[in-house]
2 protein chains.
Amino acid sequence: MTAPDLLNPAPDASPKRPRGRPRKTLVERDDGNRRQHLITAAARLFRRQGFDATSTRDIAAAVGMHSGSPFYHFKSKNALLYAVIEEGMHSAITRQTAALQEDAQAQVGHPLGQIRALIRSHFETLLGPGNDFVPVMLYEHRALSERQRTALTQLREDYEAPWKPVLQALHDSGHLQASVKLSRLLILGALNWSVQWFDQKKGASLEELTQAAIALFFKEC
Amino acid sequence: MTAPDLLNPAPDASPKRPRGRPRKTLVERDDGNRRQHLITAAARLFRRQGFDATSTRDIAAAVGMHSGSPFYHFKSKNALLYAVIEEGMHSAITRQTAALQEDAQAQVGHPLGQIRALIRSHFETLLGPGNDFVPVMLYEHRALSERQRTALTQLREDYEAPWKPVLQALHDSGHLQASVKLSRLLILGALNWSVQWFDQKKGASLEELTQAAIALFFKEC
DNA sequence: CCTACCGATCGGTAGG
DNA sequence: CCTACCGATCGGTAGG
(Lines give C-alpha, C1' and ligand atoms only; values in the text may rest on other atoms or scores of the structure.)
Protein backbone atom coordinates (compact mmCIF):
# COMPACT_ATOMS: atom_id res chain seq x y z
CA MET A 1 0.00 0.00 0.00
CA THR A 2 1.22 3.48 -0.88
CA ALA A 3 0.07 6.72 0.69
CA PRO A 4 -2.53 8.77 -1.20
CA ASP A 5 -0.93 11.08 -3.77
CA LEU A 6 -1.80 12.59 -7.12
CA LEU A 7 -2.09 9.25 -8.84
CA ASN A 8 -3.97 7.62 -6.00
CA PRO A 9 -6.02 10.41 -4.51
CA ALA A 10 -7.75 10.17 -1.19
CA PRO A 11 -11.42 9.15 -1.49
CA ASP A 12 -12.71 12.68 -1.12
CA ALA A 13 -10.75 13.90 -4.17
CA SER A 14 -12.96 12.70 -7.02
CA PRO A 15 -11.54 9.22 -7.48
CA LYS A 16 -13.57 8.38 -10.56
CA ARG A 17 -11.61 9.81 -13.50
CA PRO A 18 -8.22 11.34 -14.26
CA ARG A 19 -8.37 15.06 -14.83
CA GLY A 20 -8.18 16.65 -18.25
CA ARG A 21 -8.64 15.04 -21.63
CA PRO A 22 -7.44 11.45 -21.71
CA ARG A 23 -4.41 10.99 -23.95
CA LYS A 24 -5.70 9.45 -27.11
CA THR A 25 -2.89 7.02 -27.75
CA LEU A 26 -3.19 5.57 -24.29
CA VAL A 27 -6.93 5.17 -24.57
CA GLU A 28 -6.69 3.49 -27.93
CA ARG A 29 -4.02 1.13 -26.79
CA ASP A 30 -6.11 0.20 -23.77
CA ASP A 31 -9.18 -0.35 -25.91
CA GLY A 32 -7.20 -2.51 -28.27
CA ASN A 33 -5.88 -4.57 -25.40
CA ARG A 34 -9.29 -5.14 -23.88
CA ARG A 35 -10.74 -6.03 -27.21
CA GLN A 36 -7.87 -8.36 -27.94
CA HIS A 37 -8.20 -9.98 -24.54
CA LEU A 38 -11.83 -10.66 -25.30
CA ILE A 39 -10.98 -12.26 -28.62
CA THR A 40 -8.29 -14.45 -27.13
CA ALA A 41 -10.45 -15.57 -24.22
CA ALA A 42 -13.40 -16.20 -26.50
CA ALA A 43 -11.27 -18.30 -28.85
CA ARG A 44 -10.17 -20.50 -25.99
CA LEU A 45 -13.65 -20.95 -24.58
CA PHE A 46 -15.28 -21.46 -27.97
CA ARG A 47 -12.74 -24.14 -28.75
CA ARG A 48 -13.09 -25.95 -25.43
CA GLN A 49 -16.85 -25.73 -24.95
CA GLY A 50 -18.25 -24.80 -28.32
CA PHE A 51 -19.85 -21.54 -29.33
CA ASP A 52 -23.38 -22.26 -28.10
CA ALA A 53 -22.21 -23.71 -24.82
CA THR A 54 -20.14 -20.61 -24.04
CA SER A 55 -22.04 -17.67 -22.60
CA THR A 56 -20.98 -14.09 -23.00
CA ARG A 57 -20.84 -14.08 -19.20
CA ASP A 58 -18.19 -16.81 -19.33
CA ILE A 59 -16.12 -14.69 -21.67
CA ALA A 60 -16.57 -11.55 -19.61
CA ALA A 61 -15.51 -13.37 -16.45
CA ALA A 62 -12.43 -14.77 -18.19
CA VAL A 63 -11.11 -11.26 -18.76
CA GLY A 64 -12.38 -9.78 -15.48
CA MET A 65 -15.29 -7.86 -16.93
CA HIS A 66 -18.91 -7.74 -15.85
CA SER A 67 -21.65 -9.44 -17.78
CA GLY A 68 -22.75 -6.60 -20.03
CA SER A 69 -19.33 -5.20 -20.85
CA PRO A 70 -18.35 -7.36 -23.82
CA PHE A 71 -21.16 -5.63 -25.70
CA TYR A 72 -19.29 -2.37 -25.38
CA HIS A 73 -16.60 -3.89 -27.60
CA PHE A 74 -18.69 -6.16 -29.82
CA LYS A 75 -22.22 -5.56 -30.89
CA SER A 76 -23.18 -9.22 -30.54
CA LYS A 77 -21.84 -12.61 -29.53
CA ASN A 78 -21.77 -13.42 -33.23
CA ALA A 79 -19.55 -10.47 -34.01
CA LEU A 80 -17.11 -11.75 -31.41
CA LEU A 81 -17.10 -15.17 -33.04
CA TYR A 82 -16.38 -13.60 -36.38
CA ALA A 83 -13.54 -11.57 -34.92
CA VAL A 84 -11.99 -14.78 -33.59
CA ILE A 85 -12.30 -16.48 -36.94
CA GLU A 86 -11.05 -13.53 -38.93
CA GLU A 87 -7.96 -13.19 -36.78
CA GLY A 88 -7.35 -16.92 -37.15
CA MET A 89 -7.52 -16.78 -40.91
CA HIS A 90 -5.30 -13.74 -41.15
CA SER A 91 -2.59 -15.30 -39.03
CA ALA A 92 -2.92 -18.57 -40.92
CA ILE A 93 -2.42 -16.80 -44.23
CA THR A 94 0.53 -14.86 -42.83
CA ARG A 95 2.16 -18.03 -41.49
CA GLN A 96 1.60 -19.85 -44.76
CA THR A 97 3.04 -17.04 -46.86
CA ALA A 98 6.14 -16.89 -44.70
CA ALA A 99 6.61 -20.67 -44.89
CA LEU A 100 6.43 -20.60 -48.68
CA GLN A 101 8.95 -17.79 -48.85
CA GLU A 102 11.39 -19.60 -46.59
CA ASP A 103 11.08 -22.67 -48.74
CA ALA A 104 11.52 -20.77 -51.96
CA GLN A 105 14.80 -19.31 -50.72
CA ALA A 106 16.12 -22.73 -49.73
CA GLN A 107 15.01 -25.01 -52.56
CA VAL A 108 14.26 -23.12 -55.74
CA GLY A 109 10.62 -24.08 -55.59
CA HIS A 110 10.55 -27.85 -55.79
CA PRO A 111 6.85 -28.78 -55.43
CA LEU A 112 7.62 -31.45 -52.84
CA GLY A 113 9.33 -28.80 -50.73
CA GLN A 114 6.40 -26.47 -51.23
CA ILE A 115 3.79 -29.01 -50.19
CA ARG A 116 5.93 -29.84 -47.19
CA ALA A 117 5.94 -26.17 -46.21
CA LEU A 118 2.18 -25.92 -46.69
CA ILE A 119 1.43 -29.01 -44.61
CA ARG A 120 3.83 -28.10 -41.84
CA SER A 121 2.44 -24.59 -41.67
CA HIS A 122 -1.10 -25.93 -41.61
CA PHE A 123 -0.33 -28.22 -38.67
CA GLU A 124 1.17 -25.31 -36.80
CA THR A 125 -1.92 -23.22 -37.41
CA LEU A 126 -4.14 -26.01 -36.13
CA LEU A 127 -2.08 -27.54 -33.34
CA GLY A 128 0.44 -24.95 -32.22
CA PRO A 129 0.22 -23.81 -28.58
CA GLY A 130 -2.48 -21.19 -28.14
CA ASN A 131 -3.68 -21.49 -31.72
CA ASP A 132 -7.37 -21.83 -30.96
CA PHE A 133 -8.60 -19.47 -33.65
CA VAL A 134 -8.65 -21.64 -36.75
CA PRO A 135 -10.02 -24.70 -34.94
CA VAL A 136 -12.89 -22.47 -33.86
CA MET A 137 -13.43 -21.58 -37.48
CA LEU A 138 -13.43 -25.21 -38.53
CA TYR A 139 -15.97 -26.34 -35.98
CA GLU A 140 -18.13 -23.31 -35.27
CA HIS A 141 -18.54 -21.51 -38.60
CA ARG A 142 -22.10 -22.84 -38.76
CA ALA A 143 -23.04 -20.21 -36.19
CA LEU A 144 -22.05 -17.35 -38.50
CA SER A 145 -24.56 -15.21 -40.32
CA GLU A 146 -24.93 -15.40 -44.07
CA ARG A 147 -22.93 -12.24 -44.61
CA GLN A 148 -20.18 -13.39 -42.30
CA ARG A 149 -20.03 -16.74 -44.06
CA THR A 150 -19.65 -15.01 -47.41
CA ALA A 151 -16.72 -12.99 -46.15
CA LEU A 152 -15.18 -16.09 -44.64
CA THR A 153 -15.46 -17.99 -47.91
CA GLN A 154 -13.20 -15.40 -49.49
CA LEU A 155 -10.61 -15.81 -46.75
CA ARG A 156 -10.69 -19.58 -47.11
CA GLU A 157 -10.18 -19.28 -50.85
CA ASP A 158 -7.23 -16.99 -50.28
CA TYR A 159 -5.79 -19.53 -47.91
CA GLU A 160 -6.28 -22.51 -50.20
CA ALA A 161 -5.14 -20.77 -53.37
CA PRO A 162 -1.44 -21.68 -53.03
CA TRP A 163 -2.32 -25.37 -52.63
CA LYS A 164 -3.78 -25.71 -56.09
CA PRO A 165 -0.74 -25.09 -58.32
CA VAL A 166 1.47 -27.10 -56.00
CA LEU A 167 -0.85 -30.10 -56.10
CA GLN A 168 -1.22 -29.69 -59.86
CA ALA A 169 2.56 -29.81 -60.27
CA LEU A 170 2.75 -32.92 -58.09
CA HIS A 171 0.03 -34.51 -60.15
CA ASP A 172 1.82 -33.68 -63.41
CA SER A 173 5.08 -35.13 -62.13
CA GLY A 174 3.41 -38.36 -61.01
CA HIS A 175 3.76 -37.84 -57.26
CA LEU A 176 0.01 -37.53 -56.90
CA GLN A 177 -2.39 -39.91 -58.58
CA ALA A 178 -5.93 -38.88 -57.63
CA SER A 179 -7.56 -35.80 -59.14
CA VAL A 180 -6.20 -32.49 -57.92
CA LYS A 181 -9.54 -31.29 -56.63
CA LEU A 182 -10.51 -34.38 -54.66
CA SER A 183 -6.94 -34.72 -53.43
CA ARG A 184 -7.02 -31.23 -52.02
CA LEU A 185 -10.30 -31.84 -50.24
CA LEU A 186 -9.18 -35.18 -48.83
CA ILE A 187 -5.75 -33.95 -47.78
CA LEU A 188 -7.03 -30.85 -46.05
CA GLY A 189 -9.64 -33.00 -44.35
CA ALA A 190 -7.02 -35.39 -43.05
CA LEU A 191 -5.06 -32.46 -41.64
CA ASN A 192 -8.07 -30.65 -40.22
CA TRP A 193 -9.27 -33.76 -38.46
CA SER A 194 -6.01 -33.91 -36.48
CA VAL A 195 -7.56 -31.32 -34.20
CA GLN A 196 -9.75 -34.14 -32.91
CA TRP A 197 -7.02 -36.57 -31.92
CA PHE A 198 -3.66 -34.81 -31.69
CA ASP A 199 -2.35 -34.61 -28.16
CA GLN A 200 0.53 -32.21 -27.63
CA LYS A 201 1.77 -33.97 -24.54
CA LYS A 202 2.10 -37.51 -25.78
CA GLY A 203 2.37 -38.85 -29.29
CA ALA A 204 4.04 -37.40 -32.30
CA SER A 205 5.61 -34.00 -32.93
CA LEU A 206 4.38 -31.70 -35.66
CA GLU A 207 7.45 -32.66 -37.66
CA GLU A 208 6.65 -36.36 -37.44
CA LEU A 209 3.07 -35.63 -38.36
CA THR A 210 4.19 -33.70 -41.41
CA GLN A 211 6.48 -36.50 -42.57
CA ALA A 212 3.75 -39.10 -42.09
CA ALA A 213 1.29 -37.04 -44.10
CA ILE A 214 3.74 -36.64 -46.98
CA ALA A 215 4.60 -40.34 -46.96
CA LEU A 216 0.90 -41.15 -47.00
CA PHE A 217 -0.20 -38.84 -49.78
CA PHE A 218 2.66 -38.66 -52.24
CA LYS A 219 4.40 -41.28 -54.35
CA GLU A 220 8.16 -41.29 -54.62
CA CYS A 221 8.36 -42.03 -58.37
CA MET B 1 -64.40 -42.12 -42.46
CA THR B 2 -65.87 -45.30 -40.99
CA ALA B 3 -68.95 -45.53 -38.77
CA PRO B 4 -68.38 -45.77 -35.02
CA ASP B 5 -67.77 -49.36 -33.92
CA LEU B 6 -65.90 -51.18 -31.18
CA LEU B 7 -62.55 -49.85 -32.32
CA ASN B 8 -63.80 -46.31 -32.92
CA PRO B 9 -66.47 -45.77 -30.30
CA ALA B 10 -68.92 -42.91 -30.44
CA PRO B 11 -67.90 -39.89 -28.30
CA ASP B 12 -70.27 -40.77 -25.47
CA ALA B 13 -68.68 -44.19 -24.99
CA SER B 14 -65.57 -43.23 -23.02
CA PRO B 15 -63.33 -42.21 -25.93
CA LYS B 16 -60.18 -41.91 -23.85
CA ARG B 17 -58.88 -45.48 -23.62
CA PRO B 18 -59.66 -48.88 -25.08
CA ARG B 19 -61.35 -51.20 -22.61
CA GLY B 20 -59.54 -54.00 -20.90
CA ARG B 21 -55.84 -54.50 -20.63
CA PRO B 22 -53.98 -53.12 -23.66
CA ARG B 23 -52.44 -55.85 -25.79
CA LYS B 24 -48.80 -55.75 -24.92
CA THR B 25 -47.40 -56.35 -28.38
CA LEU B 26 -49.38 -53.52 -29.89
CA VAL B 27 -48.47 -51.10 -27.15
CA GLU B 28 -44.80 -51.92 -27.40
CA ARG B 29 -44.80 -51.57 -31.15
CA ASP B 30 -46.41 -48.16 -30.90
CA ASP B 31 -43.97 -47.05 -28.25
CA GLY B 32 -41.11 -48.27 -30.37
CA ASN B 33 -42.35 -46.30 -33.35
CA ARG B 34 -42.75 -43.07 -31.45
CA ARG B 35 -39.37 -43.51 -29.86
CA GLN B 36 -37.83 -44.28 -33.21
CA HIS B 37 -39.47 -41.26 -34.80
CA LEU B 38 -37.96 -39.08 -32.11
CA ILE B 39 -34.50 -40.53 -32.73
CA THR B 40 -34.74 -40.04 -36.49
CA ALA B 41 -36.05 -36.49 -36.22
CA ALA B 42 -33.46 -35.60 -33.60
CA ALA B 43 -30.65 -36.96 -35.78
CA ARG B 44 -31.73 -34.77 -38.65
CA LEU B 45 -32.08 -31.64 -36.54
CA PHE B 46 -28.88 -32.23 -34.60
CA ARG B 47 -27.02 -32.62 -37.86
CA ARG B 48 -28.50 -29.54 -39.49
CA GLN B 49 -28.48 -27.14 -36.56
CA GLY B 50 -26.18 -28.70 -34.01
CA PHE B 51 -27.11 -30.19 -30.66
CA ASP B 52 -27.15 -26.99 -28.64
CA ALA B 53 -29.03 -25.04 -31.27
CA THR B 54 -31.80 -27.64 -31.41
CA SER B 55 -34.43 -27.41 -28.68
CA THR B 56 -36.40 -30.35 -27.44
CA ARG B 57 -39.43 -28.37 -28.60
CA ASP B 58 -38.07 -28.43 -32.16
CA ILE B 59 -37.79 -32.19 -31.96
CA ALA B 60 -41.24 -32.60 -30.45
CA ALA B 61 -42.78 -30.46 -33.18
CA ALA B 62 -41.00 -32.44 -35.89
CA VAL B 63 -42.84 -35.59 -34.83
CA GLY B 64 -46.12 -33.87 -33.93
CA MET B 65 -45.73 -34.03 -30.18
CA HIS B 66 -46.14 -31.32 -27.58
CA SER B 67 -43.22 -29.77 -25.80
CA GLY B 68 -43.00 -31.99 -22.76
CA SER B 69 -43.66 -35.31 -24.45
CA PRO B 70 -40.17 -36.29 -25.59
CA PHE B 71 -39.33 -36.62 -21.89
CA TYR B 72 -41.82 -39.46 -21.66
CA HIS B 73 -39.54 -41.43 -24.00
CA PHE B 74 -36.12 -40.07 -22.98
CA LYS B 75 -35.15 -38.89 -19.57
CA SER B 76 -33.09 -36.00 -20.95
CA LYS B 77 -32.03 -34.30 -24.15
CA ASN B 78 -28.64 -35.89 -23.61
CA ALA B 79 -30.13 -39.38 -23.51
CA LEU B 80 -31.74 -38.68 -26.87
CA LEU B 81 -28.42 -37.60 -28.30
CA TYR B 82 -26.82 -40.78 -27.08
CA ALA B 83 -29.61 -42.86 -28.61
CA VAL B 84 -28.94 -41.18 -31.96
CA ILE B 85 -25.24 -41.86 -31.73
CA GLU B 86 -25.62 -45.43 -30.53
CA GLU B 87 -27.96 -46.29 -33.37
CA GLY B 88 -25.53 -44.69 -35.82
CA MET B 89 -22.62 -46.73 -34.56
CA HIS B 90 -24.57 -49.97 -34.57
CA SER B 91 -25.70 -49.53 -38.15
CA ALA B 92 -22.20 -48.45 -39.17
CA ILE B 93 -20.72 -51.62 -37.69
CA THR B 94 -23.40 -53.73 -39.32
CA ARG B 95 -22.80 -52.14 -42.71
CA GLN B 96 -19.06 -52.53 -42.38
CA THR B 97 -19.27 -56.19 -41.39
CA ALA B 98 -21.53 -56.94 -44.35
CA ALA B 99 -19.18 -55.11 -46.74
CA LEU B 100 -16.20 -57.13 -45.53
CA GLN B 101 -18.11 -60.39 -45.93
CA GLU B 102 -19.15 -59.56 -49.47
CA ASP B 103 -15.59 -58.74 -50.34
CA ALA B 104 -14.25 -61.91 -48.76
CA GLN B 105 -16.55 -64.03 -50.89
CA ALA B 106 -15.49 -62.26 -54.06
CA GLN B 107 -11.74 -61.85 -53.69
CA VAL B 108 -10.26 -64.25 -51.14
CA GLY B 109 -9.27 -61.43 -48.83
CA HIS B 110 -6.86 -59.28 -50.81
CA PRO B 111 -6.05 -56.36 -48.51
CA LEU B 112 -6.62 -53.82 -51.31
CA GLY B 113 -10.10 -55.23 -51.79
CA GLN B 114 -10.67 -55.10 -48.06
CA ILE B 115 -9.60 -51.49 -47.68
CA ARG B 116 -11.77 -50.63 -50.64
CA ALA B 117 -14.75 -52.24 -48.91
CA LEU B 118 -13.97 -50.41 -45.67
CA ILE B 119 -13.66 -47.01 -47.34
CA ARG B 120 -16.74 -47.44 -49.49
CA SER B 121 -18.79 -48.56 -46.51
CA HIS B 122 -17.52 -45.64 -44.48
CA PHE B 123 -18.57 -43.15 -47.14
CA GLU B 124 -22.01 -44.70 -47.24
CA THR B 125 -22.32 -44.41 -43.49
CA LEU B 126 -21.34 -40.76 -43.63
CA LEU B 127 -22.93 -39.58 -46.85
CA GLY B 128 -25.72 -41.97 -47.71
CA PRO B 129 -29.23 -40.50 -47.91
CA GLY B 130 -30.78 -40.16 -44.47
CA ASN B 131 -27.59 -41.23 -42.71
CA ASP B 132 -27.45 -38.42 -40.20
CA PHE B 133 -26.58 -40.53 -37.19
CA VAL B 134 -22.82 -40.94 -37.50
CA PRO B 135 -22.22 -37.34 -38.60
CA VAL B 136 -23.99 -36.31 -35.41
CA MET B 137 -21.59 -38.52 -33.49
CA LEU B 138 -18.58 -36.99 -35.21
CA TYR B 139 -19.56 -33.40 -34.55
CA GLU B 140 -21.64 -33.48 -31.35
CA HIS B 141 -20.03 -36.08 -29.13
CA ARG B 142 -18.59 -33.28 -27.03
CA ALA B 143 -22.06 -32.85 -25.53
CA LEU B 144 -22.09 -36.37 -24.09
CA SER B 145 -21.58 -37.11 -20.42
CA GLU B 146 -18.44 -38.86 -19.23
CA ARG B 147 -20.22 -42.19 -18.89
CA GLN B 148 -21.73 -41.90 -22.34
CA ARG B 149 -18.36 -41.01 -23.81
CA THR B 150 -16.81 -44.07 -22.25
CA ALA B 151 -19.44 -46.32 -23.79
CA LEU B 152 -18.99 -44.61 -27.13
CA THR B 153 -15.23 -45.12 -27.05
CA GLN B 154 -15.86 -48.87 -26.97
CA LEU B 155 -18.14 -48.66 -29.99
CA ARG B 156 -15.59 -46.63 -31.91
CA GLU B 157 -12.89 -49.16 -31.11
CA ASP B 158 -15.14 -51.95 -32.33
CA TYR B 159 -15.69 -50.03 -35.53
CA GLU B 160 -12.04 -49.26 -36.15
CA ALA B 161 -10.74 -52.70 -35.22
CA PRO B 162 -10.99 -54.20 -38.74
CA TRP B 163 -8.97 -51.32 -40.20
CA LYS B 164 -5.82 -52.14 -38.26
CA PRO B 165 -4.90 -55.55 -39.71
CA VAL B 166 -5.83 -54.42 -43.21
CA LEU B 167 -3.61 -51.35 -43.00
CA GLN B 168 -0.85 -53.43 -41.45
CA ALA B 169 -0.99 -55.85 -44.39
CA LEU B 170 -0.88 -52.96 -46.85
CA HIS B 171 2.09 -51.54 -45.02
CA ASP B 172 3.91 -54.89 -45.08
CA SER B 173 3.29 -55.27 -48.80
CA GLY B 174 4.57 -51.79 -49.56
CA HIS B 175 1.26 -50.24 -50.58
CA LEU B 176 1.32 -47.97 -47.55
CA GLN B 177 4.43 -46.07 -46.53
CA ALA B 178 3.57 -44.05 -43.43
CA SER B 179 3.16 -45.69 -40.03
CA VAL B 180 0.01 -47.75 -39.62
CA LYS B 181 -1.25 -45.76 -36.66
CA LEU B 182 -0.80 -42.29 -38.14
CA SER B 183 -2.08 -43.53 -41.49
CA ARG B 184 -5.28 -44.76 -39.90
CA LEU B 185 -5.83 -41.44 -38.12
CA LEU B 186 -5.11 -39.39 -41.23
CA ILE B 187 -7.17 -41.58 -43.55
CA LEU B 188 -10.22 -41.68 -41.29
CA GLY B 189 -9.87 -37.92 -40.88
CA ALA B 190 -9.87 -37.39 -44.63
CA LEU B 191 -13.01 -39.49 -44.96
CA ASN B 192 -14.78 -37.96 -41.96
CA TRP B 193 -14.14 -34.46 -43.22
CA SER B 194 -16.06 -35.23 -46.41
CA VAL B 195 -19.20 -34.55 -44.38
CA GLN B 196 -18.21 -30.90 -44.57
CA TRP B 197 -17.94 -30.58 -48.33
CA PHE B 198 -19.64 -33.47 -50.06
CA ASP B 199 -22.74 -32.42 -51.96
CA GLN B 200 -25.00 -35.24 -53.05
CA LYS B 201 -26.56 -33.24 -55.84
CA LYS B 202 -23.52 -32.08 -57.71
CA GLY B 203 -20.01 -33.40 -57.68
CA ALA B 204 -18.71 -36.91 -57.40
CA SER B 205 -20.49 -40.15 -56.59
CA LEU B 206 -19.53 -42.27 -53.60
CA GLU B 207 -17.84 -44.65 -56.00
CA GLU B 208 -15.68 -41.89 -57.49
CA LEU B 209 -14.86 -40.69 -54.01
CA THR B 210 -13.78 -44.17 -52.99
CA GLN B 211 -11.52 -44.54 -56.01
CA ALA B 212 -9.95 -41.14 -55.44
CA ALA B 213 -9.24 -41.97 -51.80
CA ILE B 214 -7.57 -45.25 -52.72
CA ALA B 215 -5.51 -43.60 -55.44
CA LEU B 216 -4.45 -40.95 -52.96
CA PHE B 217 -3.46 -43.16 -50.05
CA PHE B 218 -2.05 -46.32 -51.54
CA LYS B 219 0.92 -46.99 -53.77
CA GLU B 220 0.63 -49.39 -56.69
CA CYS B 221 3.95 -51.18 -56.18
C1' DC C 1 -16.93 -0.22 -18.77
C1' DC C 2 -20.47 -1.08 -14.68
C1' DT C 3 -25.33 -1.43 -12.79
C1' DA C 4 -29.61 -3.06 -13.11
C1' DC C 5 -32.63 -5.04 -15.74
C1' DC C 6 -35.76 -7.20 -19.53
C1' DG C 7 -37.97 -10.47 -22.61
C1' DA C 8 -37.30 -14.81 -24.52
C1' DT C 9 -36.14 -19.38 -24.45
C1' DC C 10 -34.89 -23.59 -22.59
C1' DG C 11 -34.72 -28.31 -20.24
C1' DG C 12 -37.41 -30.51 -17.38
C1' DT C 13 -41.49 -31.91 -14.19
C1' DA C 14 -46.13 -32.91 -11.76
C1' DG C 15 -50.32 -34.57 -12.36
C1' DG C 16 -53.44 -36.44 -15.00
C1' DC D 1 -48.64 -38.53 -24.19
C1' DC D 2 -50.87 -33.63 -23.03
C1' DT D 3 -51.44 -29.48 -19.96
C1' DA D 4 -49.64 -26.14 -17.37
C1' DC D 5 -45.95 -24.62 -15.32
C1' DC D 6 -41.23 -23.57 -13.00
C1' DG D 7 -36.53 -22.05 -12.20
C1' DA D 8 -32.51 -20.98 -14.56
C1' DT D 9 -29.96 -18.96 -18.02
C1' DC D 10 -29.06 -16.23 -21.83
C1' DG D 11 -28.13 -12.32 -25.24
C1' DG D 12 -28.65 -7.86 -25.15
C1' DT D 13 -29.76 -2.84 -23.58
C1' DA D 14 -30.43 1.90 -21.18
C1' DG D 15 -28.37 5.03 -18.66
C1' DG D 16 -24.73 6.59 -16.51
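Please read these numbers as outputs of a predicted model, since none were measured by experiment. So that the names make sense, note that chain A is the first sequence line, chain B the second, and so on, each numbered from 1.
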Apply side-chain contact (heavy atoms from CB on, under 4.5 Å) to A/Ser91 and list each qualifying residue two or more places apart in sequence or on a separate chain.
none

Does anything in residues 198-208 of chain A form a salt bridge (charged side-chain N to carboxylate O under 4.0 Å, His left out)? List the pairs, not counting sequence neighbours.
A/Arg116-A/Glu207, A/Arg120-A/Glu207

What residue pairs, at least two apart or across chains, pass salt bridge (charged side-chain N to carboxylate O under 4.0 Å, His left out) with a residue in residues 83-97 of chain B?
none

With sequence neighbours left out, what residues match A/Phe46 under ring-ring contact (aromatic ring centres under 6.0 Å, His included)?
A/Phe51

Using a 4.0 Å cut-off on heavy atoms, which residues in residues 47-58 of chain A reach DNA chain D? List them by number, or say none.
A/Thr54, A/Ser55, A/Thr56, A/Arg57

Go through the side-chain N and O atoms of A/Thr54 and A/Gln49 and say whether any donor and acceptor fall under 3.5 Å apart.
yes

Scan for salt bridge (charged side-chain N to carboxylate O under 4.0 Å, His left out) pairs involving residues 45-69 of chain B, sequence neighbours excluded, and state none if there are none.
B/Arg47-B/Asp132

Within residues 117-153 of chain A or reaching into it, pairs that qualify as ring pair (Phe, Tyr, Trp, His ring centres under 6.0 Å) - sequence neighbours excluded
A/His122-A/Tyr159, A/His122-A/Trp163, A/Tyr139-B/Trp193

What residue pairs, at least two apart or across chains, pass salt bridge (charged side-chain N to carboxylate O under 4.0 Å, His left out) with a residue in residues 144-165 of chain A?
A/Glu160-A/Arg184

Counterpart residues, side chain to side chain donor-acceptor pair (under 3.5 Å), relative to B/Asn78 (two or more places apart)
none

Taken in chain and number order and not counting sequence neighbours, the residues that satisfy side-chain contact (heavy atoms from CB on, under 4.5 Å) with B/Val180 are B/Leu167, B/Gln168, B/His171

Taking DNA chain C as the partner, which of residues 136-152 of chain A come within under 4.0 angstrom of it by heavy atom?
none

Choose from D/dC5, C/dC2, D/dG12 the nucleotide whose nearest atom is closest to any side-chain atom of B/Ser67.
D/dC5

Dot-bracket encoding per residue of DNA chain C, Watson-Crick/G-U cut-off under 3.5 Å, | denoting interstrand:
||||||||||||||||

